[in-house]
**Student:** 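Pasting in a structure now, in structure tokens, and then I'll have a few things to ask.
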2 protein chains.
Amino acid sequence: MTLADVAAMAKVDRAVVSRVVNDDPTLNIRPETRQRVLAAIKELGYRPNVTARSLRTARAHMFGLFIPDFANPVYAEIIKGAEAAAAALGCVLVTGSATGAGLGGYMDLLGPGRIDGLLLAGSGEDTGLIEQLDRAAVPWIMLNRRSPAVDRYVILDDERAARLAVGHLVGLGHRRIAHLAGPSGADTAQRRFAGYSAAMREAGLPDGPIAAADYTPAGGAAAMGSLLAGPHPPTAVFVANVASAIGAMERVREEGLEIPRQMSIVAVHDLDLASYLAPPLTTVRMPLEELGRRGVSLLNGLKPDDSVEEILAGPMALITRASTAPPPED
Amino acid sequence: MTLADVAAMAKVDRAVVSRVVNDDPTLNIRPETRQRVLAAIKELGYRPNVTARSLRTARAHMFGLFIPDFANPVYAEIIKGAEAAAAALGCVLVTGSATGAGLGGYMDLLGPGRIDGLLLAGSGEDTGLIEQLDRAAVPWIMLNRRSPAVDRYVILDDERAARLAVGHLVGLGHRRIAHLAGPSGADTAQRRFAGYSAAMREAGLPDGPIAAADYTPAGGAAAMGSLLAGPHPPTAVFVANVASAIGAMERVREEGLEIPRQMSIVAVHDLDLASYLAPPLTTVRMPLEELGRRGVSLLNGLKPDDSVEEILAGPMALITRASTAPPPED
DNA sequence: TTGTAAGCGTTATCAG
DNA sequence: CTGATAACGCTTACAA
């Protein structure tokens, strides 16, 4: 079913059909002719061949989003926002993850004209990939990751999130507040740490003990172990990530401490899951969906050389659940 | 950078370049000519235009996978397997989810030649979509879902999973074993229920109480409430899904019952998460990654009219953790 | 108001 | 051994 078939049936030229299909506003057509064309389209069940169209127009109406790992539920929300934004633009969003081969394998297939832009979420800085993207002139933006060498990113206000969390603990009366940080390589972790430090300073409190972990339950458990081992264990911990918090809570229980009576815990990212932990976890809700949405919006119409530097303040909120309470009387 | 540029530089015809690029085995070329071509390709940084190639060959080297929701971690494993299988075939796999608009919105862009096949995971039976796919002659397979009207699916052996779980509980000495089932509309839920029933019968036990829930924590909590409300509450529950199990466990705790001393729980799907619940959850590990892999393998080379009916036995295992124990002495 | 024609970058089938 | 040439299905000036 091609344009030619429709044209033949409607007894007009392919050009006319094309312009009808695309609602060309400069087309001045007799209503009856348009009807004939529309009827033929319906009759034949014609659908434009997107590949041919892409080749001709050098527009794919398709954006891509790469994430490190689908198992991380944080990305589910980002994807949701990005898909919605793409749909609003009449485009599709396709998502892929960096498997063993890295993203490089995708590049062979994501050449020019095949995709209109790429969102790189959390995949560190695969310089080889970026170089290839630039050569192919496909626009890209880093999502939720910033790196010194790059002037194209959208990130969240992680510092503010940390301040919210620490402020909550301080407000409850805690003074020995530890930080279970993210991996030092992740810039989100760095910003959350900076926010923690600033908030402690502003509250007139000294930094508590600090331990870094990757964003996994196992890492969180280990780090929590070292936080508890010190001479003056904290009464509250600000955890940089909800996955780590799951492991951390388990470790606290293993040590025979009760949450929140003897240990308060608050973490970044409010996932469904948080409300089903034991006890339900107090979190900072980040505008992840908004992040995905904004990423696609910015990507749309971005020139390969434009720079984008945006820190999304967005709606951010402390979700108070049962894992935080005033510190024990001593 | 097109074939023509390379051809000009190497002083050969585009056709020659094309066949060098594609390693055409029927090409008989002088080594020095080939070197010239290769050098020009490198020099110019030429990369084939995938869109043009797709238009010409009617092959996209791209498969699609549609899932209902990225937040469901079950799909993360499926995607992982599917991406790996696609990569092994030199193709990419792109994943999308059914947002408000349903998958229909994608179809405009996933026309013929743009995608070589589609895996439909768990998205019920969107008949409109399937009709469109068939018209566009793009092969598709249902993944982890079977429906009477459809002879193209790959599913897991849910019955066997249920038998494993129930067998474990029976082995521990339980006799009053309830089933917290999935939504009656889901065929996975039906098969798990069938397996439960069969296993109970074979063990000489009567069906225990049964309550259905959607595959969410909230649903699981409610259903567990009704299981506990009966006159002879069970000593163990086989839960059809790990998300429900999370809610169910919470509800059991709220009722003041201790897991596993007073209530054993085993659920289908072994997610990372399961080992971080309190207590760690005994599960049946399903070959989800294998499911994704198999889906892509079958899709590859599938003719639009071929039928595929496969029940993946795959590696399946009971992962014993702390949520199951012998029943109380009474 | 509609038709003509020249591509978009490839690949496949012939010739030579 | 290599070069012409005709598609693939569509868009878009421009001509009629």
Side-chain angles (χ1 to χ4, degrees), chain A residues 1-38 40-41 44-61 108-116 136-138, chain B residues 1-38 40-41 44-61 108-116 136-138:
Chain A
M1 282 314 113
T2 76
L3 266 193
D5 298 316
V6 176
M9 175 158 211
K11 303 209 183 300
V12 293
D13 192 84
R14 295 172 321 175
V16 176
V17 181
S18 171
R19 294 157 76 188
V20 166
V21 168
N22 297 317
D23 281 325
D24 181 346
T26 77
L27 172 61
N28 218 341
I29 194 180
R30 220 179 309 159
E32 61 180 37
T33 314
R34 160 170 272 133
Q35 283 319 312
R36 269 209 328 277
V37 172
L38 258 21
I41 288 176
L44 297 174
Y46 167 77
R47 306 205 61 96
N49 179 313
V50 211
T51 307
R53 183 179 279 178
S54 289
L55 178 58
R56 183 60 228 243
T57 61
R59 276 276 282 145
H61 295 280
D108 290 337
L109 293 166
L110 266 33
R114 180 111 188 231
I115 211 154
D116 297 329
V138 5
Chain B
M1 282 314 113
T2 76
L3 264 192
D5 298 315
V6 176
M9 176 159 210
K11 302 207 183 302
V12 294
D13 192 86
R14 295 170 315 174
V16 176
V17 181
S18 171
R19 293 155 77 186
V20 167
V21 168
N22 298 316
D23 282 325
D24 180 345
T26 77
L27 171 62
N28 218 342
I29 194 180
R30 220 179 310 158
E32 60 178 38
T33 314
R34 161 170 271 133
Q35 284 318 313
R36 269 209 328 278
V37 172
L38 260 20
I41 288 175
L44 298 173
Y46 166 77
R47 305 203 64 96
N49 179 314
V50 212
T51 308
R53 185 178 277 178
S54 288
L55 177 59
R56 184 58 230 241
T57 61
R59 277 274 283 146
H61 296 280
D108 289 337
L109 292 167
L110 265 33
R114 181 113 188 231
I115 210 152
D116 297 329
V138 7

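Proteins come first, then strands; the chains are lettered A, B, ... in the order of their sequence lines, and each starts at number 1.
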**Student:** Using whole Å, report how far CG of A/Asp23 lies from P of D/dT11.
**Tutor:** 12 Å
**Student:** Indicate yes or no: at least one non-hydrogen side-chain atom of A/Met9 is less than 4.5 angstrom from one of A/Leu44.
**Tutor:** yes
**Student:** Rounded to the nearest angstrom, tell me the gap between atom CG in B/Asp24 and atom C1' in D/dG3.
**Tutor:** 15 Å
**Student:** With respect to the phosphate group of C/dT10, does any side-chain polar atom (N or O) of B/Ser18 fall under 4.0 Å of OP1 or OP2?
**Tutor:** no
**Student:** Any base atoms under 4.0 Å from B/Thr33, or only sugar-phosphate, or nothing? Heavy atoms, all strands.
**Tutor:** sugar-phosphate
**Student:** Can you see if the side chain of A/Asn49 gets near the phosphate of D/dC8 - specifically, an N or O under 4.0 Å from OP1 or OP2?
**Tutor:** no
**Student:** Just to be sure I understand the rule, does B/Ile29 reach a base, reach only the sugar-phosphate, or reach nothing, if contact means heavy atoms closer than 4.0 Å?
**Tutor:** sugar-phosphate
**Student:** Judged by modelled atom types alone, do B/Asn22 and B/Arg53 share a side-chain donor-acceptor pair under 3.5 Å?
**Tutor:** yes
**Student:** Report the nucleotide, chosen from D/dG3, C/dG9, D/dT2, that has the shortest atom-to-atom distance to any side-chain atom of B/Leu27.
**Tutor:** D/dT2
**Student:** Between B/Ile29 and B/Val20, is there a side-chain heavy-atom distance shorter than 4.5 Å?
**Tutor:** yes
**Student:** What nucleic acid atoms does B/Asn22 come within less than 4.0 Å of, heavy atoms only: base, sugar-phosphate, or nothing?
**Tutor:** sugar-phosphate
**Student:** How long is the straight-line distance from OG1 of B/Thr2 back to OH of B/Tyr46, given to the nearest 0.5 Å?
**Tutor:** 7.5 Å
**Student:** Taking atom C1' of C/dT1 as reference, at what distance in whole Å does atom CZ of A/Arg34 sit?
**Tutor:** 12 Å
**Student:** Select one nucleotide: of D/dC10, C/dA12, C/dT1, the one nearest the side-chain heavy atoms of B/Ala15.
**Tutor:** C/dA12
**Student:** Check the distance between D/dT2's P and B/Arg14's CZ and give it to me in whole angstrom.
**Tutor:** 17 Å
**Student:** Side chain of B/Tyr46 only, please: which of C/dT10, D/dG9, C/dG3 is the nearest?
**Tutor:** C/dT10
**Student:** Atom CG of A/Leu3 and atom P of C/dT4: how far apart are they, to the nearest Å?
**Tutor:** 15 Å
**Student:** How would you label the contact of B/Leu55 with the nucleic acid (heavy atoms, under 4.0 Å): base, sugar-phosphate, or nothing?
**Tutor:** base
**Student:** Side chain of A/Ala52: nearest nucleotide among D/dG9, D/dC8, D/dT2?
**Tutor:** D/dG9
**Student:** How long is the gap from CG on A/Leu27 to CZ on A/Arg19, to the nearest 0.5 Å?
**Tutor:** 5.0 Å
**Student:** Let me know the distance between CG of A/Asp13 and P of C/dA6, rounded to the nearest Å.
**Tutor:** 14 Å
**Student:** Counting side-chain heavy atoms from C-beta on, which of D/dG3, D/dC1, C/dA6 comes nearest to B/Asn28?
**Tutor:** D/dC1
**Student:** Does D/dT11 have OP1 or OP2 sitting under 4.0 Å from an N or O in the side chain of A/Arg53?
**Tutor:** yes
**Student:** Of all the heavy-atom pairs spanning A/Ala60 and A/Ser54, show the shortest one and how long it is.
**Tutor:** CA-OG, 3.6 Å
**Student:** With a 3.5 Å cut-off and heavy atoms only, can you find an N or O donor on one side and an acceptor on the other between the side chain of A/Arg56 and the base of C/dG9?
**Tutor:** no
**Student:** Using whole Å, what does the distance between atom P of nucleotide C/dG9 and atom CG of B/Leu44 come to?
**Tutor:** 14 Å
**Student:** Would you indicate which nucleotide in D/dG3, C/dG9, D/dC10 comes nearest to any side-chain atom of B/Val12?
**Tutor:** D/dG3
**Student:** For B/Met1 and C/dC8, what is the distance between atoms CE and C1' respectively, to the nearest whole Å?
**Tutor:** 16 Å
**Student:** Is the phosphate of C/dT11, meaning OP1 or OP2, less than 4.0 Å from a side-chain N or O of B/Thr57?
**Tutor:** no
